[in-house]
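Presented below is the structure to which this report refers.
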Amino acid sequence: MTIKEAPVTRVVIVGNGMAGSRLVQELRARDPQRHLHITVIGAEPDPAYNRILLSSVLAGSLTAADVEMVSPSWYASEGVDLRLGVAVEHVDRVRQRVLTTAGEHIGYDRLVLATGSRAWVPPIEGLVDELGGGGLGPDVAVFRTLRDCRDILGRLSGVRRAVVLGGGLLGVEAARGLAGRGIEVEIVHPLDRLMERQLDKEASQVLMSTLRPLGVRVRLGAHARAYDEVAGQRVLVLDDGVRVAADVLVVACGVRPDVGLAREAKLAVEQAIVVDDQLASVSDPRIHAIGECAQHAGKVYGLVAPAWEQAVVLAEVITGGKTAYRGSPVVTRLKAADVDLAAMGEVNADADGARGVEVLRFADPARGRYQKIVIRNNRVAGAIMLGGAETVGTVTELFDRSGPVPADPRSLIFPVAGTPATADPARMSDDELVCRCNTVSAGNIRQVCADGAGTVADVALCTRATTGCGGCRDVVSALVDAASCTPSPPRHGAQDARRRAAARVEVPA
Ligand SMILES: Cc1cc2nc3c(=O)[nH]c(=O)nc-3n(C[C@H](O)[C@H](O)[C@H](O)COP(=O)(O)OP(=O)(O)OC[C@H]3O[C@@H](n4cnc5c(N)ncnc54)[C@H](O)[C@@H]3O)c2cc1C
């Protein structure tokens, strides 16, 4: 549904996280004359930061300052009204205005909900401080925000043993981060494998044996009953009575989309806020939702690449472009020092008994390697690449663009010299994705190099490649080298290239 009325001038964005902060940049890139009056309201007091790098902050390899993404001074210089540490507590759809916790009413022509998710805390005794107002119990922490990170780090002095409750992606990253600080860590997970959404049982076994020498033990099939103090020691008590010593308990049991505002405003909410291809609520075309609080075509994404793709599409929509969001392919990468893992698509199609599926598998547990490629209709339908697989780039690319697998698909596991399955950046085709988080292709990078970008930092400034999870840094560096675009241009040269790149941003149609 489109709105035929006065042009949009007032845009209010609720949430200054990964999606909200990207949207405001995309809007300004399309609105250099500043016709739009943009207000961003963020409940967190910190400037916008890269949430996906929090595990590196926990591990101590990055500081809070390193993960800042968009500074408040940028908002000021762009004439964007930024309110940090302020939440929206009510949406008045009739008067088209929001009410903030600072008691202010702010009117909108378009409202964007980018409220993300909250950490979910399971109903286990001792996790929540019932007497102390419902906050987390003593020595219990969750892992979602910079503040959570500071909270965990603040509790670590004198801590010898930590338990991470939950063995999903976040749980594994948190455990690796804590182990990197010399703490004995145990992951307690109720299911029969780690990262059950991304791995099969065998991959989970290989991952567990990779984690063990790094100081992380894993207890599978374990159900926690209570977090308690026994004889002066904090312990996690399991269903079978076993007690696991835990000076600190980090709860990483998943997230729930933050949809309280939307529900109260009587917008359609299922798992998250239901939106159409223009990322507008199906209940109100003046209200949009992007990121983890949005549900598009039945899917709620828990990754940054879809959130940023949605931000690009929505910026186009709000500034009058004709475009539509069609969904995003999902590749998950674990960011834990000394553990290399990428997983995508239907990794358990064989176990699920799916028809017409061919599976290639290579396991070398002693060296921490496991690769599995699921092929359907001659396309990569899913893959697990654990342990520094050389072919991960090629497999990911085939998965992304649904390209046909090579005549001998074994080359997707064992690269054969002279076949395209070797991940040589210089031989990447122009449309091959390099930075998945920001949807930047090898061709985009070559172009900005030709326009004058001469270093990885310049390419980051021009295209944003490397500024998400950072996993593509080596490939970008190799492409910059291959383009031989030295010497480095002056800063304004890269900025010009940045503007040109923004003008060329491709919107998934
Ligand atoms: C430790 C960690 C590691 C991760 N690793 C990866 C990874 O490797 N790859 C990947 O793709 N993804 C990863 N993710 C997930 C990724 O961070 C999220 O998908 C992304 O942050 C979603 O962006 P968002 O803007 O929807 O939500 P968020 O980034 O959570 O932002 C939502 C913001 O809205 C604010 N807000 C909520 N309600 C209100 C309100 N009423 N008023 C004002 N503000 C409000 C919140 O305080 C928050 O700041 C990771 C997440 C975590 C926590």
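The structure displayed is predicted, hence computed values, not measured ones. Atoms within each ligand, like the ligands themselves, are counted from 1 in listed order.
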Legend entry - Interatomic spacing from CG in Leu412 to CG in Leu398 - rounded to 0.5 Å: 6.0 Å

Legend entry - Within reach of ligand 1, part of Glu89 (heavy-atom separation under 4.0 Å): neither

Legend entry - Check against side-chain hydrogen bond (donor to acceptor under 3.5 Å, both in side chains), Ser477 and Asp474: CA-CA 5 Å; Ser477 175; Asp474 290 347; over 6 Å; no

Legend entry - Presence of salt bridge, Asp247 and Arg155, under 4.0 angstrom: no

Inset, instruction - Please determine if Arg150 and Asp148 form a salt bridge, counting it only when a charged side-chain N lies under 4.0 Å from a carboxylate O. - result: no

Inset, instruction - For Ala87, take its heavy atoms, then give the atoms of ligand 1 lying under 4.0 Å from any of them. - result: 42 (N), 43 (C)

Inset, instruction - Mark up the atoms of ligand 1 that fall under 4.0 Å of a heavy atom belonging to Thr115, in ascending order. - result: 32 (C), 34 (O), 37 (C), 38 (N), 39 (C)

Legend entry - Identity and distance of the protein heavy atom lying nearest atom 25 (O) of ligand 1: Ala19 N, 2.8 Å

Inset, instruction - Using a strict cut-off of 4.0 Å, indicate which atoms of ligand 1 neighbour a heavy atom of Val14. - result: 40 (C), 42 (N), 43 (C)

Legend entry - N or O pair under 3.5 Å between Ser55 and ligand 1: no

Inset, instruction - Return the residue, atom name and 0.1 Å-rounded distance of the protein heavy atom closest to atom 48 (C) of ligand 1. - result: Glu44 OE2, 3.3 Å

Inset, instruction - Check each atom of ligand 1 against the heavy atoms of Phe143 and keep those under 4.0 Å away; list them by number with element. - result: 1 (C), 53 (C)

Legend entry - Distance in Å, Leu58 CG paired with Leu146 CG, rounded so as to fall on 0.5 Å steps: 11.0 Å

Legend entry - Salt bridge Asp139-Arg234, side-chain N to carboxylate O under 4.0 Å: yes

Inset, instruction - Note the single closest protein heavy atom to atom 27 (O) of ligand 1, along with its residue, its atom name and the distance in Å. - result: Gly116 CA, 3.2 Å

Legend entry - Contact check: Ala43 vs ligand 1, nitrogen or oxygen atoms, below 3.5 angstrom: yes

Legend entry - Salt-bridge criterion met for Arg110 and Asp284 (N-O under 4.0 Å): no

Inset, instruction - Name the closest protein heavy atom to atom 5 (N) of ligand 1, giving the residue it belongs to and the distance to 0.1 Å. - result: Lys335 NZ, 3.0 Å

Inset, instruction - Determine, for Arg147 against Glu44, whether the closest basic-nitrogen to carboxylate-oxygen distance falls under 4.0 angstrom. - result: no

Inset, instruction - Would you kindly specify which portion of Leu334 sits under 4.0 Å from ligand 1, judged on non-hydrogen atoms: side chain, backbone, both or neither? - result: neither

Legend entry - Taking every non-hydrogen atom, the tightest pair across Arg51 and Met18: N-SD, 3.3 Å

Inset, instruction - For atom 13 (C) of ligand 1, find the nearest protein heavy atom and state the residue, atom name and distance (0.1 Å precision). - result: Ile52 CG2, 3.1 Å

Inset, instruction - Classify the side-chain pair Thr9/Asp109 by whether it contains a donor and acceptor separated by less than 3.5 Å. - result: yes

Inset, instruction - Could you name the option among Arg22, Arg51, Arg118, Glu292 that has the heavy atom nearest to atom 22 (C) of ligand 1? - result: Glu292

Inset, instruction - Could you tell me which atoms of ligand 1, counted from 1 in the order shown, lie closer than 4.0 angstrom to a heavy atom of Ala114? - result: 32 (C), 33 (C), 34 (O)

Legend entry - For atom 31 (O) of ligand 1, the option (of Gly17, Ser117, Cys293, Gly177) bearing the nearest heavy atom: Gly17

Legend entry - Side-chain ion pair, Arg193 and Asp200, N-O less than 4.0 Å: no

Legend entry - atom 35 (C) of ligand 1: nearest protein contact (heavy atom, Å): Gly15 CA, 3.8 Å

Inset, instruction - Classify the contact between Val304 and ligand 1 as side chain, backbone, both or neither, using a heavy-atom distance cut-off of under 4.0 Å. - result: both

Inset, instruction - With rounding to the nearest 0.5 Å, note down the distance linking CG in Leu194 to OG in Ser204. - result: 4.0 Å

Inset, instruction - State the CG-CD1 distance between Leu279 and Ile273, to the nearest 0.5 angstrom. - result: 11.5 Å

Legend entry - Per-atom contacts, ligand 1 versus Gly291 - under 4.0 Å to a heavy atom: 26 (O)

Legend entry - Per-atom contacts, ligand 1 versus Met18 - under 4.0 Å to a heavy atom: 20 (C), 21 (O), 23 (O), 25 (O), 29 (O)

Inset, instruction - Could you tell me whether Leu170 approaches ligand 1 through its side chain, its backbone, both or neither, with non-hydrogen atoms closer than 4.0 Å? - result: side chain

Legend entry - Closest approach of any protein heavy atom to atom 42 (N) of ligand 1, naming residue and atom: Val88 N, 2.9 Å

Inset, instruction - Give a yes/no on ligand 1: does Cys469 have at least one heavy atom closer than 4.0 angstrom to it? - result: no

Inset, instruction - Considering the heavy atoms of Asp258, write down every atom of ligand 1 situated less than 4.0 Å from one of them. - result: 37 (C), 38 (N)

Inset, instruction - May I ask you to check if ligand 1 and Asn16 share an N or O to N or O distance below 3.5 Å? - result: no

Legend entry - Between CZ on residue Arg22 and CD1 on residue Ile13, distance to nearest 0.5 Å: 12.5 Å

Legend entry - Heavy atom of the protein closest to atom 53 (C) of ligand 1 (residue, atom name, distance): Arg144 O, 3.7 Å

Legend entry - Electrostatic pair Glu186:Arg212 at N-O distance under 4.0 angstrom: no

